[in-house]
Participant: 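There's a structure below that I have some questions on.
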2 protein chains.
Amino acid sequence: MARKAASPNRKEEIVSAAVEVFAETGYYRATTAQVAGRAGISQPYVFRFFATKEDLLAEALNVSWTRTFDAFRGVIESAETPKLEEELIGAYTELMERHRSEILLQMQAQTIAEPRIAGIMREGFRETRKLVQDAFVRAGIDNPKHRTLIFLARGMLCNTSMALDLPELMEEEDV
Amino acid sequence: MARKAASPNRKEEIVSAAVEVFAETGYYRATTAQVAGRAGISQPYVFRFFATKEDLLAEALNVSWTRTFDAFRGVIESAETPKLEEELIGAYTELMERHRSEILLQMQAQTIAEPRIAGIMREGFRETRKLVQDAFVRAGIDNPKHRTLIFLARGMLCNTSMALDLPELMEEEDV
DNA sequence: ATCATTTGTAATTGATCGATCACTAATCTA
DNA sequence: TAGATTAGTGATCGATCAATTACAAATGAT
């Protein structure tokens with residue numbers, strides 16, 4: 001039997017590098033050489049782990065959605081009803097601060113037409129929506145579907161505000 | 001004095017073609033040859049009107065934002081107060097149906113880091129926000145800043161719903 | 001009708017990039 | 001320590017693309 005060693009998490013390192021490079025430069029303009037450089041390996045070595053650049057994008061998006069689900073699930077399992085929505089917003093804010101690149105990548109991927117990528121994005125949004133809506137229903141919140149829509153909508157505007165560095169887009173206190 | 005002729009709107013034709021091709025394929029992956037083909041001209045001829053591909057993108061975005069402003073202004077100048085928000089939503093829905101590609105291009109451009117493009121996007125969002133908020137204030141609507149945020153947020157989610165073909169994302173009627 | 005301007009294209013170029021191939025260095029097994 | 005497997009790289013290649021150049025055809029003015 002064979003034993004692997006070296007960097008046991010090479011694959012994860014490459015994915016992390018890809019998330020950053022894709023987010024900064026744009027998936028199509030970003031090169032596999034940039035990703036490799038960021039991961040501290042040579043460009044051809046990337047292809048030992050991912051057959052194509054698109055495979056790498058798909059995995060980067062999966063990682064990003066998994067983190068999103070986990071963040072929301074953590075809140076849903078622990079938060080008390082009256083603070084549920086507030087804490088979900090808090091969790092997303094923290095996600096955006098700690099994993100900005102993953103959110104920027106999700107934003108990009110919304111307009112990528114490749115069926116495989118579009119499928120991942122659709123599933124990501126569907127699952128997020130289900131997670132939040134079920135939690136609102138279980139918490140006995142009124143108009144759960146409406147509240148879920150508003151929650152997701154604020155999230156999308158929050159993304160725009162972050163990506164374009166336009167914090168005023170999220171101001172809502174009237175004097 | 002020289003007189004021009006041929007197609008007096010060649011430039012507009014190229015921009016229209018660019019909006020579609022960029023929206024379908026993604027700006028970075030789209031080629032100037034595709035844009036030229038869509039416009040019915042040769043690839044080098046594009047560069048008689050736009051010095052660089054980025055110039056073409058900038059103009060495409062300007063056209064798209066101008067149309068957005070015009071759509072909202074039309075409603076604001078004519079709508080009666082109680083129906084203002086409803087009609088603004090209607091105007092945006094129509095814009096998305098009639099000029100889907102322009103909206104998809106705006107979505108894409110949210111994550112393009114080139115300073116010139118980011119500047120156009122920032123200005124577009126700032127102006128849209130000002131337009132809507134001032135209209136809400138003039139209409140005497142309560143919490144105008146909050147209502148403006150919710151309006152813009154719904155617009156962003158609506159974009160996602162359209163781009164990913166996920167109509168359920170905009171459902172909000174509870175049974 | 002000729003000359004100048006404008007409209008447009010074919011051909012090309014220099015750069016870039018994803019992916020492959022051929023190879024070496026390190027590590028493991030027996 | 002020999003042999004085999006694994007980890008990793010340099011070199012390269014075919015394709016692609018934005019942009020330039022050098023032209024040709026049409027149009028307009030005199």
Side-chain angles (χ1 to χ4, degrees), chain A residues 1-61 105 108-109 112-117, chain B residues 1-61 105 108-109 112-117:
Chain A
M1 271 298 150
R3 284 272 301 114
K4 285 197 205 163
S7 186
N9 47 340
R10 267 277 181 261
K11 197 166 178 173
E12 283 94 336
E13 290 171 10
I14 296 172
V15 173
S16 294
V19 166
E20 288 176 21
V21 172
F22 291 170
E24 287 167 18
T25 315
Y27 169 67
Y28 288 118
R29 203 180 40 155
T31 73
T32 55
Q34 285 176 282
V35 173
R38 184 76 58 107
I41 60 172
S42 67
Q43 182 261 343
Y45 199 37
V46 171
F47 290 88
R48 288 292 165 99
F49 298 90
F50 301 93
T52 66
K53 191 186 174 189
E54 193 182 299
D55 282 0
L56 180 52
L57 172 62
E59 180 59 19
L61 285 171
L105 187 60
Q108 259 188 65
I112 291 181
E114 262 72 45
R116 185 147 150 253
I117 303 305
Chain B
M1 272 296 151
R3 283 275 298 116
K4 285 196 205 167
S7 187
N9 47 340
R10 267 276 181 262
K11 198 166 179 172
E12 283 95 336
E13 289 170 9
I14 296 172
V15 173
S16 294
V19 167
E20 288 177 21
V21 171
F22 290 169
E24 287 167 19
T25 317
Y27 169 68
Y28 288 118
R29 203 180 40 155
T31 72
T32 56
Q34 285 176 284
V35 173
R38 185 75 57 108
I41 59 171
S42 68
Q43 182 260 342
Y45 199 36
V46 171
F47 290 87
R48 286 292 166 94
F49 298 89
F50 300 94
T52 67
K53 191 185 173 188
E54 193 182 300
D55 282 0
L56 180 51
L57 172 62
E59 180 58 19
L61 285 171
L105 187 61
Q108 259 188 64
I112 292 181
E114 262 71 45
R116 183 145 151 256
I117 303 304

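Keep in mind that what you see is a predicted model, and the values were worked out from it rather than measured. Order of the sequence lines sets the chain letters (A, B, ...), proteins ahead of strands, with each chain counted from 1.
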Participant: When the side chains of residues 45-52 of chain B are checked against the rest of the protein, which donor-acceptor pairs come out under 3.5 Å, sequence neighbours left out?
Facilitator:
residue  : atom : partner  : partner atom : Å
Thr52(B) : OG1  : Glu54(B) : N            : 3.4
Thr52(B) : OG1  : Asp55(B) : N            : 3.1
Thr52(B) : OG1  : Asp55(B) : OD1          : 3.4

Participant: Rounded to whole angstroms, how far apart are CD1 on Ile41(A) and P on dT9(D)?
Facilitator: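 One finds 7 Å between P of dT9(D) and CD1 of Ile41(A), rounded.
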
Participant: Can you list, in residue-number order, the parts of residues 26-40 of chain A that come under 4.0 Å of DNA chain C, counting heavy atoms only?
Facilitator: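 Only Ala30(A), Thr31(A), Thr32(A) qualify.
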
Participant: Check every atom of dG8(C), dT9(C), dT20(C) against the side chain of Arg10(B) and return the nucleotide holding the closest atom.
Facilitator: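 Between dG8(C), dT9(C), dT20(C), the one nearest the side chain of Arg10(B) would be dG8(C).
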
Participant: Is there a side-chain contact between Phe22(B) and Leu56(B) (heavy atoms, below 4.5 Å)?
Facilitator: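 Of all side-chain heavy-atom pairs linking Leu56(B) with Phe22(B), at least one is under 4.5 Å.
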
Participant: Is it the case that the side chain of Gln34(B) and the backbone of Thr25(B) share a donor-acceptor pair, with hydrogens and angles ignored and the cut-off at 3.5 Å?
Facilitator: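 Here the side-chain-to-backbone pair does not exist.
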
Participant: Looking at Ala17(B) and Val35(B), what are the two nearest heavy atoms and their distance?
Facilitator: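 Residues Ala17(B) and Val35(B), closest heavy atoms: CB-O, 3.6 Å.
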
Participant: Please give me every residue in residues 47-55 of chain B whose heavy atoms get under 4.0 Å of an atom in DNA chain D, ordered by residue number.
Facilitator: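 Listed by number, they are Phe47(B), Arg48(B), Thr52(B), Lys53(B).
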
Participant: Quick check on the helix from dA1(C)-dT30(D) to dA30(C)-dT1(D): what's the angle between its two end axes, five base pairs per end, to the nearest 10°?
Facilitator: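 That helix has its two terminal axes inclined by roughly 10°.
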
Participant: Counting only side-chain N and O atoms of Tyr45(B), is one of them less than 4.0 Å from OP1 or OP2 of dT9(C)?
Facilitator: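 Result: no.
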
Participant: My understanding is that only residues two or more places apart in sequence, or in another chain, count here; which of them pass salt bridge (Lys or Arg N to Asp or Glu O under 4.0 Å) with Glu114(A)?
Facilitator: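 By the salt bridge (Lys or Arg N to Asp or Glu O under 4.0 Å) rule, Glu114(A) matches Arg29(B).
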
Participant: Whole-Å distance between dA19(D) P and Gln43(B) CD?
Facilitator: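 Gln43(B) atom CD is separated from dA19(D) atom P by 9 Å.
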
Participant: Of all heavy-atom pairs between Val19(B) and Ala60(B), which one has the smallest distance, and what is that distance?
Facilitator: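 The answer is CG2-CB, 3.7 Å.
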
Participant: For Glu59(A), give me all partners under salt bridge (Lys or Arg N to Asp or Glu O under 4.0 Å), at least two apart in sequence or on another chain.
Facilitator: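 Glu59(A) satisfies salt bridge (Lys or Arg N to Asp or Glu O under 4.0 Å) with no other residue.
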
Participant: Does the ring of Tyr28(B) carry Lys53(B) above it, NZ/CZ under 6.0 angstrom from centre and within 45° of its axis?
Facilitator: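 No.
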
Participant: Which pair of heavy atoms, one from Ala30(A) and one from Val21(A), lies closest together, and at what distance?
Facilitator: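 Taking Ala30(A) first and Val21(A) second, the nearest heavy atoms are CB-CG1, 3.7 Å.
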
Participant: Minimum heavy-atom separation for Glu13(A) to Ala39(A), with atom names?
Facilitator: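 Distance-wise, the nearest heavy atoms are O-CB, 4.1 Å.
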
